[in-house]
Amino acid sequence: MARMIAADRDYVMSKYKLHKLRDIENLVADAVQVNIPFNNPITGFCAFTHKAGIHAKAILANPSTYEILNPADFGLTRYIHFANRLTGWNAIKSRVEQLNLNLTDDQVKEVTNKIKKLGDIRPLNIDDVDSIIKEFHADVSTPRMSATNGNSAVDEETSLLDSVKRPKLN
């Protein structure tokens with residue numbers, strides 16, 4: 001099917017229900033009591049998963065750079081794996097947008113460095129990364145009140161200066 005769809009997508013899509021492929025595969029695997037390999041072509045967990053920095057950036061910009069097949073044709077979705085030490089800032093930026101948070105590119109790069117450093121120490125999961133991003137967002141977006149004057153304009157300026165001067169955590 002994969003070779004056929006690469007050659008003539010419209011013909012294959014008109015003749016076959018490719019979105020049922022995973023269901024059929026699961027039905028057969030259950031009947032013969034075998035596990036489906038994670039790296040199975042098309043339907044395996046890793047088939048449309050991307051994680052390295054420049055690779056993920058290319059996929060986000062133009063999926064056809066690395067995918068000859070469209071996962072949606074098979075009822076599947078693409079996944080950009082961002083919870084690891086190889087992640088790039090574009091993948092984290094995409095996650096920040098999915099979480100409906102607002103960070104500048106420089107802030108995304110800073111939080112990406114934190115994620116990468118933690119990823120060098122131990123394996124990460126999505127919740128770990130989301131927590132780091134949300135905590136970082138809260139730190140940079142929450143104005144701090146100055147104990148000296150209570151002047152909101154001065155306090156906002158002090159908060160901005162503090163966020164620029166804030167040392168990076170290891």
Side-chain angles (χ1 to χ4, degrees), residues 1-138 169-170:
M1 286 296 161
R3 282 185 172 197
M4 288 173 52
I5 200 168
D8 190 350
R9 181 184 178 277
D10 293 335
Y11 174 79
V12 174
M13 296 300 290
S14 70
K15 297 283 184 186
Y16 302 99
K17 296 177 183 176
L18 298 179
H19 64 280
K20 296 287 189 182
L21 189 60
R22 179 176 267 170
D23 294 338
I24 293 169
E25 184 179 58
N26 287 333
L27 180 71
V28 172
D30 289 344
V32 296
Q33 298 179 349
V34 297
N35 292 324
I36 299 168
F38 72 94
N39 61 349
N40 209 30
I42 313 294
T43 58
F45 172 75
C46 295
F48 297 102
T49 298
H50 310 277
K51 72 178 181 181
I54 196 76
H55 180 96
K57 179 182 179 182
I59 287 293
L60 289 167
N62 182 2
S64 67
T65 55
Y66 283 97
E67 293 176 347
I68 192 169
L69 304 173
N70 183 346
D73 290 344
F74 298 91
L76 304 171
T77 57
R78 168 181 310 107
Y79 176 69
I80 306 296
H81 185 62
F82 54 84
N84 66 76
R85 64 185 185 84
L86 299 176
T87 196
W89 75 273
N90 286 288
I92 298 301
K93 182 177 180 175
S94 174
R95 185 60 181 168
V96 167
E97 291 167 358
Q98 289 172 355
L99 295 171
N100 293 318
L101 300 175
N102 194 9
L103 294 174
T104 66
D105 286 352
D106 287 338
Q107 291 170 333
V108 171
K109 289 175 184 176
E110 187 176 342
V111 77
T112 300
N113 286 333
K114 291 180 181 197
I115 292 165
K116 289 170 97 103
K117 286 178 184 176
L118 186 57
D120 281 336
I121 297 168
R122 66 174 178 82
L124 301 174
N125 62 41
I126 293 172
D127 292 334
D128 293 331
V129 174
D130 286 353
S131 293
I132 293 167
I133 292 170
K134 288 174 183 177
E135 183 178 318
F136 182 87
H137 181 263
L169 301 175
N170 291 334

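A quick note: this is a predicted structure, and the numbers were derived from the prediction, not measured.
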Which distance, rounded to the nearest 0.5 Å, do you find between the [atom1] of [X] and the [atom2] of [Y]?
| X | Y | atom1 | atom2 | value |
| --- | --- | --- | --- | --- |
| F136 | L103 | CZ | CG | 6.0 Å |
| I68 | R3 | CD1 | CZ | 10.5 Å |
| H19 | I24 | NE2 | CD1 | 9.5 Å |
| K17 | L21 | NZ | CG | 14.0 Å |
| T104 | E110 | OG1 | CD | 8.5 Å |
| M4 | K15 | CE | NZ | 10.0 Å |

Is the shortest heavy-atom distance from the side chain of [X] to the side chain of [Y] under 4.5 Å?
| X | Y | result |
| --- | --- | --- |
| D23 | L27 | no |
| L118 | I115 | no |
| D105 | W89 | yes |
| D130 | R95 | yes |
| H137 | L99 | no |
| V111 | Q107 | no |
| P37 | N40 | yes |

Practice problem: State which residue, out of I92, N90, N113, fulfils the side-chain contact (heavy atoms from CB on, under 4.5 Å) condition with V108. | Solution: I92
Self-check item: Set of side-chain hydrogen bond (donor to acceptor under 3.5 Å, both in side chains) partners for S14, sequence neighbours left out
Solution: none
Exercise: identify the closest heavy-atom pair between [X] and [Y]:
| X | Y | value |
| --- | --- | --- |
| I42 | F48 | O-CE1, 3.4 Å |
| T87 | A91 | OG1-CB, 3.7 Å |
| L76 | T43 | CD1-CA, 4.1 Å |

Practice problem: Using a cut-off of 6.0 Å, state whether more than 12 heavy atoms not belonging to N102 lie near its atom CG. | Solution: no
Exercise. Using a cut-off of 6.0 Å, state whether more than 12 heavy atoms not belonging to N62 lie near its atom CG.
Key: yes
